[in-house]
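Atom set for the values below is all heavy atoms of this structure, side chains included, hydrogens, waters and symmetry mates excluded. Chain naming here is simple, since letters A, B, ... match the order of the sequence lines and numbering starts at 1 in each.
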Amino acid sequence: MERGAKRWFLVAALAATVVSLFAGQFNRYYMGVTIDIGINIIMAVSLNLINGHTGQFSLGHAGFMAVGGYTAAKLSLLFGAQIPPAAAPVFFAVILLAGGLVAALSGLAVGVPSLRLKGDYLAIVTLGFGEIIRVIFQTTESLGGATGLTGLERYTNLAWAFVLAALTVYVVSCLVNSTYGRGFIAVHDDEVAASAMGINPTKYKVVAFVIGAFFAGIAGGLYAHHKLVLKPDGFDFMRSIEFVVMVILGGMGKTAGVILAAVILTVLPEFLRGFADYRMIIYSLLIIILMVARPQGLFGSWKTARKQAAPTA
Amino acid sequence: MFYIQQLINGLALGSIYALIALGYTMVYGVLRFINFAHSDILMVGAFAAFFLAPGIQGIFGPESIPGALLIFFFSALICALLGVLIEMLAYRPLRNRPKLTVLITAIGVSLFLEFTCQHKGVFGSKTRPFPTLIPAQEIHFGELVVSSNDLVVLIVTLLLLAALRFIVQRTKIGTAMRAVSFNPQAAALMGININHIISFTFALGSALAAIAGIFYAMRSPGIEPLMGIQPGLRAFIAAVVGGIGNLPGAALGGIVLGVIEAIAGGLPGVSNYRDGIAFAILILILLFRPAGLLGKFQAEKV
């Protein structure tokens, strides 16, 4: 993977840039869905670093997306008007980065205390942090309160979404495949054995959490400047669940699978639009059926799933 | 005075949370996963009561005690059957799979129930007023105002807790439940039919959820298919705060959470953050007692 990763990254980035040059000729609706796909890929792949590769079950990823989104949106509302159009891409890159960094900081703040917990407890604490973040946004008047932030500039386009998605995939896969990154997988496989080998599990978990939160923050910035409206409701725990479902469906820790799952799960609800009222019912049924039929994820191998199922106690 | 008033409100709210939390914690005890669909079962319970009420009250007269008892009984029965059905169809095929898979399936079941009930052919998504089941009065103790409904909730919860304790500790099936929760393989070797015990656990938990759902509906302005999410989430927190898998812990956690929430909700400045407070408490407690208030910390065996 790592040998090809850079090439794939360049190809994907180039393709996204070229396609976005012709963006005007595309149907606006398809364009919007395609950008959604890019944003969801960033979210799913970054969550995969935490949930899949490192094996820590986080249910609060949408919270970090909210932090990044609100940071970027507030900055663009404050300074966007003074920026000349020529400097807009630079400005957008800066506010995305700022969003990512603030999200990473909040990831650090959440991760350091909570990553001492395991399994369901960690899941519920991250869920809690996600909800607390949402409540804070909901009650802070300078951030729009319950009505949210509006009047954002449409900075996000296909190129931004997919270049950053490619970058996320590149960074995460290079990280996991590096000598350092083997530690994530060691922590996932057996924490006790990993610490016996001189790996500090807590440190690895926090690093995974912070990096995951950073990319979630960037995705949040993209999302804000794509939808142009930022509401606290959009980042509730159902949203986090959506990303978790993508990771599990793709096969935990399988980057290619997770990307495909992100694409499928973004497009599927749109395809089901024709069924209007039955859309979400079918969606939820599909989750159940997929879990019963292919618990290792659509693209996971059966062997790893069986190994995980073996009693550990 | 203000605090005592809020304390009483909180106790009533907390007992509802406790009833729901018991369901979470019982299922966790035998199957070791969080049954996300539990919060929707309580919604179904409230709707069952909503649809049963006109018929039953037509026979026994409005706001009659026997009528209310029957409504509670049949709603609990419907939910118990639903809980058993969900377990058989969605969770049983996944019995030996990774717990994460089951968790996601549970989320899928929860979404399925919510969206199905929101469909206009089922319940529809608009809020409906909940009928009065029991005559409500306000009882004055000096400056304190206690709603009779709150008292009923408290007393019924205490009775149910006592009954549950009796079932779990003194009966044969309760002993089997504890055995399955302690070690499923060994329990099976001792001749316990694990499937029956798990079905029974789901039935019991879902019945309690139905009753809690009706109580919750009586306190809220109306019922709608998403009404279970908030109390469900709180109850889930309560179960974790008390130490998940631990029955007295779930009851204690529910009541603690309800009281703190009611008091915080009455304080100016803090009340806006009400939704976040439950989670803040949870995080604080877990940081200092990672296994919950009454949970035992288990060292990992290598």
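Other residues, nucleotides and ligands contribute more than 12 heavy atoms inside 6.0 Å of the CZ atom of B/F51. Environment of NZ in A/K74: crowded, with over 12 heavy atoms of neighbouring residues, nucleotides or ligands closer than 6.0 Å.
One finds the CG atom of B/L282 at 8.5 Å from the CD1 atom of A/I132 (value rounded to the nearest 0.5 Å). Here the CD1-CG distance, from B/I229 to A/D236, works out to 8.0 Å after rounding to the nearest 0.5 Å. We find the CD1-CG distance between B/I104 and A/L249 to be 9.5 Å, quoted to the nearest 0.5 Å. Atom CD1 of A/I281 sits about 11.5 Å away from atom CG of B/L111, to the nearest 0.5 Å. Taken from OG1 in B/T101 to CE in A/M252, the straight-line distance is 8.5 Å, to the nearest 0.5 Å. How far CG of A/L127 is from CD1 of B/I237: 7.5 Å, rounded to the nearest 0.5 Å.
There is no contact between B/F33 and chain A, counting heavy-atom distances below 4.5 Å. When heavy atoms are compared at a cutoff of 4.5 Å, A/I241 approaches chain B solely by way of its side chain, counted from C-beta outward. Proximity to chain A (any heavy atom under 4.5 Å) is restricted, for B/F236, to the side chain, taken from C-beta onward. In this structure, no portion of B/I277 lies under 4.5 Å from any heavy atom of chain A.
Across all non-hydrogen atoms, the minimal contact from B/G108 to A/S284 is O-CB, 3.6 Å. Between A/E131 and B/L233, the closest heavy-atom pair is OE1-CD2, 4.3 Å. The two residues B/R97 and A/M291 make their nearest non-hydrogen contact at NH1-O, 4.0 Å. Taking each heavy atom of B/A90 and A/I288 in turn, the nearest pair found is CB-CG2, 4.5 Å. Between A/G128 and B/F279, the shortest heavy-atom contact is CA-CD2, 3.0 Å.
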